[in-house]
Trainee: 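I have a structure here, written as structure tokens, and I will follow up with some questions on it.
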There are 2 protein chains.
Amino acid sequence: MPRGNGLGPPWWHGRFRGCGYKITLGREAILNALIKADQHLSAEDIYQKVHTTYPAIGLTTVYRTLEILVNMGLVFKFDFGDGRARYELVEGSKKSHHHHHLVCTNCKRVIDYTDFVDDEIGLLKKTEKGLSKKYSFEITNHVIQFYGLCGQCKNTK
Amino acid sequence: MPRGNGLGPPWWHGRFRGCGYKITLGREAILNALIKADQHLSAEDIYQKVHTTYPAIGLTTVYRTLEILVNMGLVFKFDFGDGRARYELVEGSKKSHHHHHLVCTNCKRVIDYTDFVDDEIGLLKKTEKGLSKKYSFEITNHVIQFYGLCGQCKNTK
DNA sequence: TTTGTAAATGGAAACCATTTTCAATAAGGA
DNA sequence: TCCTTATTGAAAATGGTTTCCATTTACAAA
Ligand SMILES: [Mn+2]
Ligand SMILES: [Mn+2]
Ligand SMILES: [Zn+2]
Ligand SMILES: [Zn+2]
């Protein structure tokens, strides 16, 4: 559950300053857009949303801020294969939990799912251990995505 | 094991014609580049290779042919996060088996691995069944990739 | 073999998400 | 309030991929 429900300063200010970054209106607005979002936003999506309440924002700043957030580990960056990156607040920053994605190759819809995630985590742990030993490869991240047709697109075909 | 070891026409000619495509020198050269390759090639990589034996080739044709091959299911298209797509002959077209990838985020090296693939397949089957039922999502493809530091880059840090 | 026709081709231009450049601005410690 | 330096936005650059279009080619039919 996020703190800062209208009372003190937003929960991420401390972490932001701790990394030596300044708090600016643009960054504030971008974070809020990500916090309010219930979907996976592109840089352009975020730019549009922020632009309505803070017209001075530049797309460049959106890209730069997102890069910082990704490097700080506050935001995930995804590639769903449509040529533009998508951004999503990391679990713990929101109500969300660890999840993976179903991507419809037809309508580009993306479904979050948490089913079987425990099983997946178990396998991943085991795999990571084995692979890091065999290839002395240090795994820091993983991607699991399913591609196919969503219910609606399946029926339309 | 691929057929056509110097005797009849290449194994993929039939499938190609079956889809209504014509056999051309360019397509022949591109397929051969993929067959001979032991790594994951970008469009530019393929263009360079083909260009040495068939200078008339155009990069455009490489892209067009790759798209056909991907749609026909003869070639996989991957995104390892470095801004350019990589292509790899599908299992069965070569000696290769079903495998997944370890991607070094530092040197961009990609390691094929088959370890734990059986376990993974088991989980995937289960997951696919559950997800297709719950979300009526028809899964046609999946991506499992691990990101991190390869042995060499780990030591250099 | 010759011919007809649609498919295929290459080069140049367009596309488009993202990055770089740079002069102006603003955050925040002193 | 003042100073320093990070941050910013606009415009230009970048670079992989796609589109355009006039020319060439594969190959089936004659
Ligand atoms: Mn998600
Ligand atoms: Mn591979
Ligand atoms: Zn769909
Ligand atoms: Zn490496």
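Labels below follow one simple rule: chain letters A, B, ... track the order of the sequence lines, proteins then strands, and each chain is numbered from 1.
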Trainee: Have A:His40 and A:Glu88 got a donor and an acceptor in their side chains that come within less than 3.5 Å?
Mentor: yes
Trainee: D:dT7 C1' sits how many Å from A:Ile30 CD1, rounded?
Mentor: 12 Å
Trainee: Taking atom P of D:dT18 as reference, at what distance in whole Å does atom CD of B:Glu67 sit?
Mentor: 6 Å
Trainee: Which heavy atom of B:Ala33 sits nearest to which heavy atom of B:Leu41, and what is that distance?
Mentor: O-CD1, 4.0 Å
Trainee: Does B:Thr24 make a side-chain N or O approach to OP1 or OP2 of C:dA7 shorter than 4.0 Å?
Mentor: no
Trainee: Would you kindly give the CZ-to-C1' distance between B:Arg17 and C:dA7, to the nearest whole Å?
Mentor: 14 Å
Trainee: Looking only at the side chain of A:Ala43 (C-beta and beyond, no hydrogens), which of the listed nucleotides D:dA26, D:dA6, C:dT18 gets closest?
Mentor: C:dT18
Trainee: Less than 4.5 Å apart, side chain to side chain, heavy atoms only: is that true for A:Tyr113 and B:Phe137?
Mentor: no
Trainee: By the 4.0 Å heavy-atom rule, please label B:Leu25 as base, sugar-phosphate, or nothing.
Mentor: nothing
Trainee: Given atom CG of B:Leu59 and atom P of C:dA13, what is their separation to the nearest angstrom?
Mentor: 16 Å
Trainee: Between B:Lys77 and B:Lys22, which residue's closest nucleotide on DNA chain D lies nearer the 5′ terminus?
Mentor: B:Lys77
Trainee: Whole angstroms only, please: what is the OH-C1' distance between A:Tyr21 and C:dG29?
Mentor: 19 Å
Trainee: Side chains of B:Phe78 and B:Val143: closer than 4.5 Å at any heavy-atom pair?
Mentor: no
Trainee: Classify B:Thr60 by what it touches in the nucleic acid, base, sugar-phosphate, or nothing, heavy-atom distance under 4.0 Å.
Mentor: base
Trainee: Does OP1 or OP2 of C:dA7 have a side-chain N or O of B:Arg64 closer than 4.0 Å?
Mentor: no
Trainee: Report the nucleotide, chosen from C:dT18, C:dA27, C:dA8, that has the shortest atom-to-atom distance to any side-chain atom of A:Tyr63.
Mentor: C:dT18
Trainee: Rounded to whole angstrom units, what separation is found between the CD atom of B:Glu44 and the P atom of D:dT18?
Mentor: 14 Å
Trainee: I need the minimum non-hydrogen distance between B:Gly26 and B:Ile57, along with the two atoms involved.
Mentor: CA-CD1, 3.8 Å
Trainee: Taking CZ from A:Phe16 and P from D:dA6, how many angstroms apart are they, rounded to a whole number?
Mentor: 15 Å
Trainee: Quick one: B:Glu28 CD to C:dT9 P, roughly how many Å, whole number?
Mentor: 12 Å
